[in-house]
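The next block holds one structure in the form of structure tokens; read it before the comments.
Heavy atoms only: backbone and side chains are in, while hydrogens, waters and symmetry mates are out. All residue numbers refer to positions in the sequence shown, counting from 1.
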Amino acid sequence: MVFVVLSEANRMVTLRQEPTLALLEPRISEDGDCLILEAPGMDPLSVRLSDIAESVNPVRTFGIWRLDGEGMDCGEDAGTWLSTYLKKPDHKLVYFKEGHNKPRRQNMDSKWGDKFTSKDKLTGYQDLAPILLLTQASLDDLNSHLEQPISARNARPNLVVSGASAFDEDLWKYVRIGDTVTMRRTHACGRCRLTTVDPETGAFRSDGEPLATLKKYRMLDKSNPDSKPLGVAPVLGSNLVCEVFGSIKVGDTVYAAV
């Protein structure tokens, strides 16, 4: 299930614009039909997905970087709840349903389209690739350069792999987890001010870390073709697309091809 917060101007809202979103705690109800949101100072919000109907709820179209996306408005109650929490008017919660426009990067994204194929199955609202992988050793290496260590929550990976060396993931072309799931690396993850959001306070760190330190030693060499589209963004972690689907769990063995 994929959701996105939209602003009054129908623009995608992330931690880059609203760091207090880090304090939201989402979960799905036991029956699988309700999204429940909790946040400091707010009564819980429950949105029953089966009640979201196109005949009542408008389909919102909005930009996801250089592409267009769309999704079902989750209703006035959800919008009011988010607007109250963010202290800004007319915010909306949007839900991706099958059949809605799913942004395709191939031949459409001027920066990264050549990294993807027509067979790649993407989620509704990812920035670039749907999966971000980080090794624990890479996080440990970064923390060895910081006075105030960060957690994986600052980097917001989907997958954290232990047992590798620092930045091994830069070289992995394919990753298999367990017996089935296979993923292909598209490119390194360029990091932005989102990493500077303290996940415990929902505020930007005043020292600009860990981004400031990453810029000192994790910039791609200019000979790397990805250095130009990344610009001034340092890299940490790898973006992946899934080629063979299945179930994974904590503790599964991870295999990598370089």
Side-chain angles (χ1 to χ4, degrees), residues 1-4 14-15 21-38 49 96 98 115-117 119-146 148-191 194-200 202 209-210 213-214 218 234-258:
M1 295 182 182
V2 186
F3 298 84
V4 68
T14 72
L15 271 66
L21 287 174
L23 303 182
L24 261 65
E25 296 185 14
R27 59 186 171 89
I28 300 298
S29 61
E30 291 186 4
D31 64 6
D33 191 40
C34 284
L35 169 70
I36 300 170
L37 291 179
E38 296 180 291
L49 304 181
F96 181 83
E98 288 301 323
K115 300 290 186 180
F116 300 88
T117 74
K119 295 181 180 180
D120 290 336
K121 293 185 177 181
L122 305 183
T123 58
Y125 307 135
Q126 74 283 325
D127 274 4
L128 287 171
I131 301 165
L132 173 60
L133 179 148
L134 179 68
T135 62
Q136 181 63 48
S138 297
L139 180 63
D140 293 343
D141 185 277
L142 173 58
N143 278 330
S144 72
H145 293 78
L146 300 174
Q148 182 181 342
I150 64 168
S151 72
R153 293 176 63 197
N154 288 77
R156 305 187 72 80
N158 304 99
L159 302 169
V160 178
V161 178
S162 60
S165 297
F167 312 118
D168 273 357
E169 66 268 37
D170 294 350
L171 305 176
W172 295 348
K173 295 181 179 179
Y174 287 89
V175 175
R176 195 184 86 199
I177 301 179
D179 297 327
T180 305
V181 175
T182 304
M183 306 175 196
R184 184 186 84 251
R185 184 181 190 270
T186 58
H187 56 295
C189 184
R191 306 324 299 244
L194 188 149
T195 59
T196 70
V197 176
D198 186 331
E200 301 299 328
E209 295 291 7
T213 292
L214 283 171
R218 287 293 295 164
V235 296
L236 180 69
S238 285
N239 284 306
L240 310 172
V241 292
C242 194
E243 295 196 337
V244 180
F245 290 78
S247 298
I248 61 176
K249 63 183 185 301
V250 174
D252 278 348
T253 301
V254 176
Y255 305 88
V258 298

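Among residue pairs with one or both ends in residues 151-160, those qualifying as salt bridge (Lys or Arg N to Asp or Glu O under 4.0 Å) are R153-E200; sequence neighbours excluded. Legend: side-chain hydrogen bond (donor to acceptor under 3.5 Å, both in side chains) pairs involving residues 175-185, not counting sequence neighbours, sorted by first then second residue: D120-R184, R184-E243, R185-S238. Note on residues 23-38: pairs passing salt bridge (Lys or Arg N to Asp or Glu O under 4.0 Å), not counting sequence neighbours, are R27-E38, D31-R48, D33-R48.
Partners of D170 by side chain to side chain donor-acceptor pair (under 3.5 Å), not counting sequence neighbours, listed by chain and number: R218. Applying the side chain to side chain donor-acceptor pair (under 3.5 Å) rule to T213 yields the partners E209; only residues at least two apart in sequence or on another chain are considered. A search for side chain to side chain donor-acceptor pair (under 3.5 Å) contacts involving N154 returns nothing, not counting sequence neighbours. Partners of S151 according to the side chain to side chain donor-acceptor pair (under 3.5 Å) rule, which considers only residues two or more places apart in sequence or in another chain, do not exist here.
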Please tabulate, for the side chains in residues 247-258, all donor-acceptor contacts under 3.5 angstrom to protein atoms that are two or more places apart in sequence or on a different chain.
| residue | atom | partner | partner atom | Å |
| --- | --- | --- | --- | --- |
| K249 | NZ | D252 | OD1 | 2.9 |
| D252 | OD2 | K249 | N | 2.9 |

Listed pairs under 3.5 Å, donor-acceptor, residues 131-142 side chains, sequence neighbours left out:
| residue | atom | partner | partner atom | Å |
| --- | --- | --- | --- | --- |
| T135 | OG1 | S138 | N | 3.2 |
| T135 | OG1 | S138 | OG | 2.7 |
| T135 | OG1 | E169 | OE1 | 2.9 |
| T135 | OG1 | E169 | OE2 | 3.4 |
| Q136 | NE2 | D140 | OD1 | 2.9 |
| S138 | OG | F167 | N | 2.7 |
| S138 | OG | E169 | OE1 | 3.1 |
| S138 | OG | E169 | OE2 | 2.9 |
| D141 | OD1 | Y217 | OH | 2.8 |

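The line from CG of L15 to CG of L21 is 5.5 Å long, rounded to the nearest 0.5 Å. Atom CG of L171 sits about 10.5 Å away from atom OG of S165, to the nearest 0.5 Å. The distance from the CG atom of L240 to the NE2 atom of H187 is 10.0 Å, given to the nearest 0.5 Å.
Taking all atoms of both residues into account, the shortest heavy-atom contact from L23 to P199 is CD2-O, 3.6 Å. Closest non-hydrogen pair, A129 versus N239, comes out as CB-CB, 3.6 Å. Across V241 and P130, no two heavy atoms sit closer than the pair CG1-CD, 3.7 Å. Considering every non-hydrogen atom in both L146 and P210, the closest pair reads CD1-CB, 3.9 Å. Contact between V197 and A22 at its shortest, heavy atoms only, is CG1-CB, 4.1 Å.
With C242 as reference, V181 is the one residue of I177, V181, V175 to meet the side-chain contact (heavy atoms from CB on, under 4.5 Å) rule.
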